[in-house]
Amino acid sequence: MRAKTIAFINFKGGVGKTATVVNLGATIAKYHGKKVLIVDLDPQCNSSLWLLDPEVWREHVSDLTRSAYQIFDDHIVGTHHFDFEKAVLRGVPYSKDGGFSMLSHLDLLPGSVELLRLEDRLHQNRTAPYFKYLHQTLRPYQNDYDYIFLDCAPNLYSITKNALFAADYCVVPYVPDYLSLSGFGILADEVEKFYESVSGHLQGRKRPKIAALIVSHYRKIGDVFKHAVNELEQMAIALRASDQIHRKTVILEPYIRHDVKVAESTSEHLPVVLHAPSSIGSQDYADLAVNFLNHFENL
Ligand SMILES: Nc1ncnc2c1ncn2[C@@H]1O[C@H](COP(=O)(O)OP(=O)(O)O)[C@@H](O)[C@H]1O
Ligand SMILES: [Mg+2]
């Protein structure tokens, strides 16, 4: 196998990037036997905190060589301290009693708040191919996974550009409202410009593209959401036709409904599929997982 690496991007926060990475990752690991690695690239470290007890996370990344931060620090400084085997937490989450693995197929490369300090340093070093660092580091492990999910910060700065470059495809989690719609157009444009600028570095790899949208926080309030999804669909059709996004890009169904069990599962440090297996959220992610796999395995 060679992992499909997928960057979950949007320069809006709170649109479900982390929720999708954690819950879709856990669902395809649990129900479909897929081997999944989540890489936490956001200084807010939300996917690490969703899947780990905060004490376990803090202790683990107190040695920064066991976090995603070290990948970038090594490249900037010219050291080789990052050790994938030591850094990756296997079979997350862990049970509260005894700490045994609850999902044998789900691994996590945790983030650190120190990721915040990298942007300036990467910027100072613009002549180096700063956007390649993550790809170069993850490449040897691609054969160990079916999917590598990159949980990005809500921006398109240097670390996110590393995620874009490492990715085979991008997925845009999206909360349907009027303002987000123009945001999506700008995002698609910026992503495509980035890929254009680095196309000489892809070394025979297919140019990555945005290939799916996932709607989160869906609520049936009046027609606001329905209208917004229709407009998103129209925009996707136009962007597909002009090759700005992958020609098979879809808005994956079902739309993930707002469910308090999903919100609650964050403080339990469990994906919703383990916290509340029969909840609406769990059901939506289970249905989404089927369509997600179908889509990405046939692209
Ligand atoms: N389907 C859902 N139902 C209820 N709350 C959700 C749902 N999805 C995400 N959330 C909550 O919304 C917040 C923002 O989602 P998150 O995935 O962290 O966004 P992002 O990573 O894009 O910033 C999280 O705190 C999470 O608890
Ligand atoms: Mg997030």
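Computed from heavy atoms alone, side chains included, the values below leave out hydrogens, waters and symmetry copies. For the single chain, residues carry numbers from 1 onward in sequence order. Both ligands and their constituent atoms are indexed starting at 1 by order of listing.
- Rounding to the nearest 0.5 Å gives a distance of 14.0 Å between OG1 of Thr27 and NZ of Lys34.
- Any N or O atom pair closer than 3.5 Å counts here, and Lys17 shares at least one such pair with ligand 1.
- Distance from atom 19 (O) of ligand 1 to its nearest protein heavy atom, with residue and atom name: Gly16 N, 3.1 Å.
- Every atom of ligand 1 with a heavy atom of Val15 under 4.0 Å away is listed here by number and element: 19 (O), 20 (P), 22 (O).
- Residue Gly13 places a heavy atom less than 4.0 Å from ligand 1.
- With a heavy-atom cut-off of 4.0 Å, Ile256 touches ligand 1 through its side chain alone.
- Among protein heavy atoms, atom 1 (N) of ligand 1 sits closest to Arg257 O, 3.0 Å.
- The environment of NE2 in His201 is crowded: more than 12 heavy-atom neighbours from other residues, nucleotides or ligands sit within 6.0 Å.
- In this structure, Asp74 contributes its side chain and Phe82 its backbone to a donor-acceptor pair below 3.5 Å.
- When only non-hydrogen protein atoms are considered, atom 17 (O) of ligand 1 lies nearest to Ala19 N, 2.7 Å.
- Atom 4 (C) of ligand 1 has Asp259 O, 3.1 Å as its closest protein atom, hydrogens excluded (heavy atom only).
- Using a 3.5 Å distance cut-off with no hydrogens or angles, the side chains of Ser158 and Glu119 do pair a donor with an acceptor.
- Thr160 places no side-chain N or O within donor-acceptor distance of the main-chain N or O of Cys152, the cut-off being under 3.5 Å.
- In this model, a donor atom of one side chain and an acceptor atom of the other lie less than 3.5 Å apart for Tyr145 and Asp107.
- Although no hydrogens or angles enter the test, the distance criterion places a donor-acceptor pair under 3.5 Å between the side chain of His295 and the main chain of Ala211.
- The number of heavy atoms from other shown groups lying within 6.0 Å of OH (Tyr31) is above 12.
- Residue contacts with ligand 1 for His217 involve side-chain atoms from C-beta outward but no N, CA, C or O (heavy atoms, distance under 4.0 Å).
- For the atom pair CG of Asp259 and CD1 of Ile280, the computed distance is 5.5 Å after rounding to the nearest 0.5 Å.
- Closest to atom 23 (O) of ligand 1 among all protein heavy atoms lies Gly14 N, 2.6 Å.
- With ligand atoms numbered from 1 in the order given, ligand 1 contributes 5 (N), 27 (O) to contacts under 4.0 Å with heavy atoms of Ala263.
- The parts of Thr18 lying near ligand 1 are both backbone and side chain, judged by heavy-atom distances below 4.0 Å.
- Here the straight-line distance linking atom OG1 of Thr249 with atom CD1 of Ile237 works out to 11.5 Å at 0.5 Å rounding.
- The nearest protein atom to atom 26 (C) of ligand 1, hydrogens excluded, is given as Thr266 CG2, 4.4 Å; this is a heavy-atom distance.
- Residue Gln44 does not count as close to the Mg ion (ligand 2), with no N, O or S atom under 2.8 Å.
- Of all protein heavy atoms, the one closest to atom 7 (C) of ligand 1 is Val262 CG1, 3.5 Å.
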